[in-house]
Amino acid sequence: MPKRNYLCIQRSQPGKGDKPSAAQMQEMYAKFSAWKEKFQENIVDMGGKLKGGGKVVTSGGATDGPFVETKEVVGGFMIVSAESMEEAVEVVRQSPGVWTPGSSVEVREISTA
Amino acid sequence: MRTPGLVEHFFRREYGVLVAALSRRVGVQHIGAVEDAVQGALMSALETWTIGGLPHNPSGWLFRAAHNRLMGELRQRAARRRILERDAPEGIGAHESPPEVFLAGEVRDDLLRMLFVCCDEAVVEESQLVFALKTLCGFSIREIALRLFISDANVYKRFGRARSRLRKHPPRDLGAEECASRLPAVHKTLYLLFTEGYLSSYAEMAIRRELCDEAIRLAALLAEHPVGQAPETFALLALMHLHAARISARQDASGGLLLLEEQNRKLWDRQQIQTGLEWLAKSAQGERFSRYHAEAGIAAEHCLAPSFQETRWDKVAQCYSLLERFAPSAVHTLNRAIAVAEWQGPAAGLDVLKGLEPPTWLAGSYLWSAVLADLYRRCGNAQAAMRYRDAALESAPTEAVRVLLQRRLKIGAVG
């Protein structure tokens with residue numbers, strides 16, 4: 001079965017949660033690295049973090065945001081390759097730490113047809 | 001947990017190193033801003049490194065990131081202050097450019113200096129310890145509360161007090177003389193750090209072990225540096241290694257505590273015992289004999305004894321006598337009584353304690369009642385033994401200790 005690519009969009013609520021301690025950060029880093037290693041076949045592009053702010057371009061011109069509700073911010077994206085939506089969801093579901101409480105990840109298949 | 005490309009505890013260690021290095025540059029009065037900057041730098045490392053991989057020099061990367069953040073923050077504060085007080089002078093560090101190199105020797109010096117800064121006599125001991133754990137060892141308030149068995153609020157209060165003292169009275173660059181006068185407090189802090197790790201009988205042993213390792217690491221740094229090269233430092237290191245060498249034999253497979261008598265001496269770390277003995281040999285110089293010498297001597301006797309029965313209890317008892325002289329405490333007398341009981345019999349042990357009026361904190365603790373229960377039991381005085389046994393069981397701080405006491409103090413058992 002041919003693999004398909006999925007775009008994963010991370011959303012989070014800003015200003016949530018305590019600052020992690022150095023030891024916790026170490027653990028997050030280790031878990032994330034382990035996850036990356038486990039799914040390296042699936043990860044097409046680690047994508048990146050998106051900075052706040054930007055412009056929205058419409059036929060009427062460019063305006064500043066807001067892009068979505070202010071209590072929910074698109075924080076980052078990546079591209080995952082999988083045989084099915086279920087597999088893509090599993091890859092994302094197992095990724096630790098990065099998805100903090102109150103955040104969600106939207107998984108969308110990238111159409112090639 | 002394995003962290004590819006990074007040494008164990010990398011984040012925590014870097015935290016301490018960075019806080020120490022940056023506080024040295026901008027002054028300890030800015031400790032709050034320094035901690036925020038370091039925290040922020042570690043967070044951005046977490047995000048950047050997990051996505052893009054490790055940079056060529058992770059420590060250097062972190063230093064630059066934290067330094068830039070800190071300078072940005074201080075510049076903003078200075079600007080705010082200038083607006084408030086029109087003609088106030090430029091804030092500290094406003095135009096400082098980041099130093100390009102970050103030498104290993106400098107790191108060591110900064111960490112040590114911070115250790116000395118933490119040991120301000122005007123701050124109570126427990127608060128010194130909290131401050132050291134937070135700034136040098138990278139523990140969060142919550143983690144310190146867990147380790148010291150006090151509430152979050154209490155840790156926060158202690159940390160706040162130490163910090164505000166340093167804000168109001170930032171130490172000038174500590175001179176050799178001042179360092180020398182603070183050295184005993186530094187020893188004490190390291191000693192406390194180690195004991196917190198060692199004496200705790202709590203289930204999370206792995207975490208506790210971490211405190212011991214941290215104390216040994218800092219003490220080793222101290223011993224390398226001219227300000228710390230004193231016989232007491234070497235004795236302290238000897239004591240730490242000799243105790244740590246036995247740590248893994250102190251628990252059975254299910255995490256229960258084991259008596260010295262029951263421990264499998266084959267599990268003791270021979271190499272660490274060797275290291276401890278080398279430090280002990282090195283500590284035997286000069287004219288000062290400290291409590292650390294006495295305690296290291298006791299630990300060495302235990303490490304060198306081929307079995308519990310063959311322990312040189314006379315030497316152990318002697319060391320406790322010395323310890324009582326240097327650091328008078330009823331706990332040391334209590335320990336001497338145990339050694340004397342092994343050496344000359346339980347009645348002689350009881351004699352040591354006769355007429356001793358224990359301070360209330362000791363009289364109410366399980367240690368006192370447990371030793372008396374044990375000695376009376378061995379002398380055949382079942383009634384007194386029972387009374388003290390009940391008191392000991394009642395005041396046992398943890399289930400592990402209670403189980404141990406029940407096993408040891410079984411009335412009618414011979415031992």
Side-chain angles (χ1 to χ4, degrees), chain A residues 6-52 73-81 91-103 105, chain B residues 1-19 32 35-55 58 62 65-66 133-147 152 155-156 204 206-207 210-211 213-214:
Chain A
Y6 295 82
L7 175 66
C8 308
I9 308 155
Q10 193 229 342
R11 294 203 168 86
S12 61
Q13 293 165 1
K16 276 278 168 84
D18 288 335
K19 287 180 191 170
S21 75
Q24 284 166 329
M25 284 193 262
Q26 175 100 26
E27 201 180 315
M28 283 155 75
Y29 177 78
K31 280 190 183 160
F32 193 82
S33 302
W35 172 80
K36 229 173 103 175
E37 204 169 300
K38 182 173 175 187
F39 292 107
Q40 52 179 330
E41 301 275 303
N42 295 92
I43 300 165
V44 178
D45 188 336
M46 273 305 297
K49 215 170 115 84
L50 297 178
K51 291 197 167 182
V73 183
V74 176
F77 74 98
M78 67 177 172
I79 296 170
V80 159
S81 129
V91 173
V92 171
R93 207 184 55 77
Q94 287 196 29
S95 96
V98 271
W99 322 128
T100 46
S103 70
V105 178
Chain B
M1 184 162 290
R2 211 172 63 87
T3 42
L6 296 177
V7 295
E8 212 187 339
H9 304 308
F10 175 83
F11 280 68
R12 237 167 24 69
R13 300 253 154 110
E14 288 296 316
Y15 186 93
V17 166
L18 287 171
V19 167
E35 282 202 291
D36 285 346
V38 172
Q39 163 82 19
L42 286 172
M43 270 312 274
S44 76
L46 185 65
E47 281 159 2
T48 317
W49 299 357
T50 44
I51 292 171
L54 280 184
L62 275 178
L133 283 173
K134 176 99 166 65
T135 55
L136 282 173
C137 307
F139 290 119
S140 68
I141 296 283
R142 179 86 204 106
E143 288 164 335
I144 297 173
L146 277 176
R147 283 165 175 81
D152 289 15
V155 176
Y156 200 78
E204 345 135 45
I207 302 177
E210 206 173 297
L211 287 185
D213 291 346
E214 206 65 43

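These numbers come from the heavy atoms of this one structure, side chains and all, not from hydrogens, waters or symmetry mates. From a predicted model like this one, the values you see are computed outputs, not experimental measurements. All chains are named by letter (A, B, ...) in the order of the sequence lines, taking the proteins before the strands, and each is independently numbered beginning at 1.
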### Message
Please find the pair of heavy atoms, one from Q26(A) and one from F10(B), that lie closest to each other, and give the distance.
### Response
OE1-N, 2.9 Å

### Shortest non-hydrogen separation from F11(B) to A22(A) and the atoms involved
CB-O, 3.3 Å

#### Entry: Atom of F32(A), atom of T50(B) and distance for their closest heavy-atom approach
CD2-CB, 3.0 Å

### Spacing of L42(B) atom CG and M25(A) atom CE [to the nearest 0.5 Å]
4.5 Å

#### Entry: Y156(B), OH atom: more than 12 neighbouring heavy atoms under 6.0 Å
no

### Query
Is a side-chain donor or acceptor of Q39(B) paired with a backbone partner of P20(A) at a separation under 3.5 angstrom?
yes

